[in-house]
Amino acid sequence: MNKFLIMLTHSYFSKLKAKSFIISTIIIAGALVLLTNFDQILSNFDGGDEEKVVVQDETGYLYSMLKAQVTVLNNDIKLTDSTDPLAEIEKKIEEEEIKGLLVLTEGEEGLPEAHYKSASLSDSALTADLQLALQNIKSSLAANKLELSSEELAALSGPVTFEKEALSEGAKSEEELSQARGIVYVLLFFIYFSVIAYANMTAMEVATEKSSRVMEILISSVSPVQQMFAKIIGIGLVGLTQLAIILAVGYFTLINRKDELAGSFFESFGFESLSVSVILYAVVYFLLGYFLYATLAALLGSLVSRIEDVQQMIMPMTFVIMIGFFISMFGLGNPESSFITITSYIPFFTPMVMFLRVGMLNLPVYEPIIGIVVLLVTIILLGVFGARVYRGGVLLYGKSNSYKDIKKAMDLTNNK
């Protein structure tokens with residue numbers, strides 16, 4: 001047990017002090033801070049930038065109506081009425097003195113029509129605001145022609161009343177589903193990238209020790225099984241440490257802007273109604289998913305002797321994780337489908353697909369527990385099998401990038 005703890009602490013602290021860990025943690029935490037404050041950063045770059053648009057009104061009355069509408073929609077758009085020659089205005093557009101030219105005309109039915117010219121059509125937000133303003137004017141003029149009051153126009157153009165009600169007891173409302181979908185989406189990405197990153201790290205750790213011949217010294221003093229689980233648990237603790245740092249940075253960053261982001265960011269991603277059970281299930285399924293794939297990664301990493309062969313060996317495992325993630329993305333739209341229900345009990349997909357169902361639906365308590373039991377049984381079976389392969393795999397040297405080497409590793413274990 002003492003040797004196991006020494007191996008575990010060595011794996012943990014060696015990875016914790018590694019430049020790759022420090023740099024990646026700083027980059028992710030920095031990206032999180034930038035993402036949270038992205039609107040403020042963007043406003044600092046765009047602040048005070050007016051989008052000047054020249055308007056040529058051939059009707060004589062649309063310009064004033066358009067200016068009033070645009071002022072309400074976007075105060076950064078500055079309209080200027082002009083009668084200058086077209087060539088002169090187009091030259092100003094090319095020299096970037098103005099953003100574009102909007103020519104207003106009247107159609108056959110007496111309703112407004114517009115033609116917009118600019119150096120490029122990449123600024124879709126500007127044209128969308130102008131189009132919306134003109135649409136409002138068109139609706140108002142059409143209502144006047146039909147002698148409709150403003151109330152009648154609002155009733156005519158308003159959306160149909162369509163209420164949804166779930167009859168099943170405990171079923172979530174549409175608003176609750178939308179909020180749950182946001183937080184589940186975020187946490188699924190968290191589980192997906194974390195499991196891939198730390199499982200790959202486990203395989204690389206084993207291959208690195210084999211390539212440097214350190215393994216030959218280690219197996220003479222510590223059993224291969226202890227080595228394998230010390231590495232898995234040690235790197236798992238590194239992962240939890242990094243995630244704790246990132247979550248702490250995210251929490252304090254969001255708390256500092258809670259009042260500004262309330263009702264927008266928090267509401268759209270479901271953070272305002274985030275339950276403790278969802279976070280607990282996310283942590284549980286992350287840990288179980290990590291141990292499942294890290295055990296498999298250690299098994300596969302023990303079969304290769306060169307670091308450059310690791311990615312080729314674990315590529316099928318990465319594809320399995322990706323398939324589970326894609327199934328979860330599909331399930332966000334229809335979490336009650338039989339396909340999602342069935343795949344949530346397939347061990348290699350359970351960490352993400354079952355978590356999706358837990359977050360989106362009000363499941364009976366026994367369903368996520370069954371998923372946890374399925375994962376635990378699979379991890380134990382894979383751990384027993386992986387330990388036997390690992391015990392022989394660490395003794396395999398030379399070019400070894402085929403799954404046929406699993407049998408060779410098993411034979412070496414049986415002959416020991």
Side-chain angles (χ1 to χ4, degrees), residues 30-31 33-160 257 259-265 267-268:
V33 173
L34 288 174
L35 182 64
T36 310
N37 297 280
F38 186 72
D39 56 334
Q40 288 186 335
I41 296 169
L42 200 61
S43 64
N44 290 333
F45 284 101
D46 295 339
D49 288 350
E50 296 180 349
E51 296 181 302
K52 298 178 181 178
V53 177
V54 170
V55 180
Q56 285 192 338
D57 183 10
E58 297 181 2
T59 66
Y61 66 91
L62 286 175
Y63 173 72
S64 58
M65 299 172 70
L66 178 64
K67 191 167 186 178
Q69 287 285 335
V70 168
T71 302
V72 174
L73 290 173
N74 190 344
N75 203 36
D76 289 333
I77 301 175
K78 302 300 177 184
L79 300 182
T80 306
D81 193 14
S82 175
T83 56
D84 294 340
L86 183 61
E88 186 177 329
I89 296 174
E90 289 179 350
K91 185 179 179 182
K92 288 182 179 180
I93 294 173
E94 292 174 359
E95 293 174 353
E96 297 185 353
E97 292 182 23
I98 58 174
K99 197 75 176 180
L101 166 67
L102 184 67
V103 180
L104 300 176
T105 57
E106 195 175 74
E108 294 180 359
E109 298 178 356
L111 297 175
E113 294 182 357
H115 184 74
Y116 180 73
K117 296 181 180 181
S118 66
S120 70
L121 301 178
S122 58
D123 194 349
S124 58
L126 171 62
T127 53
D129 286 337
L130 293 174
Q131 189 173 359
L132 179 58
L134 285 167
Q135 182 63 44
N136 292 338
I137 294 170
K138 181 181 178 181
S139 298
S140 179
L141 292 175
N144 289 335
K145 287 181 178 294
L146 297 172
E147 297 182 352
L148 295 175
S149 65
S150 57
E151 292 79 9
E152 290 172 328
L153 177 61
L156 186 64
S157 57
V160 64
R257 298 200 60 204
D259 294 336
E260 299 173 49
L261 297 174
S264 55
F265 180 88
E267 187 176 349
S268 59

What distance do [X] atom [atom1] and [Y] atom [atom2] have between them, rounded to the nearest 0.5 Å?
X    : Y    : atom1 : atom2 : value
L126 : Q131 : CG    : CD    : 11.5 Å
M65  : I137 : CE    : CD1   : 5.0 Å
Q56  : H115 : CD    : NE2   : 11.0 Å
K52  : I77  : NZ    : CD1   : 14.0 Å
Y63  : L79  : OH    : CG    : 5.5 Å
T80  : I98  : OG1   : CD1   : 8.5 Å

**Report entry** side chain to side chain contact (heavy atoms under 4.5 Å, CB included) against L111, all qualifying residues, sequence neighbours excluded
**Finding:**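 Applying side chain to side chain contact (heavy atoms under 4.5 Å, CB included) to L111 gives E109, K138, L141, A142, K145.
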Quick check: closest heavy atoms across [X] and [Y], and the distance to 0.1 Å?
X   : Y    : value
V70 : A133 : CG2-CB, 3.9 Å
I93 : K99  : CG2-O, 4.2 Å
V55 : D81  : O-OD1, 3.0 Å

Query raised in the report: Can L86 and K117 be said to form a side-chain contact (heavy atoms from CB on, under 4.5 Å), step by step?
Result: CA-CA 11 Å; L86 183 61; K117 296 181 180 181; 3.6 Å; yes
Query raised in the report: Do the side chain of D57 and the main chain of Y61 share a donor and acceptor less than 3.5 angstrom apart?
Result: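 Checking the backbone N and O of Y61 against the side chain of D57, a donor-acceptor pair under 3.5 Å is found.
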Requested in this report: Indicate yes or no for a side-chain donor-acceptor contact from S139 to the backbone of Q135 under 3.5 Å, with no hydrogens or angles considered.
Outcome: yes
Query raised in the report: So among L101, L134, L130, V103, which one has a side-chain contact (heavy atoms from CB on, under 4.5 Å) with Y116?
Result: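 Result: among L101, L134, L130, V103, L130 is the only option passing the side-chain contact (heavy atoms from CB on, under 4.5 Å) with Y116.
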Requested in this report: May I have the step-by-step check of side-chain contact (heavy atoms from CB on, under 4.5 Å) for D84 and K92, ending in yes or no?
Outcome: CA-CA 11 Å; D84 294 340; K92 288 182 179 180; 4.1 Å; yes
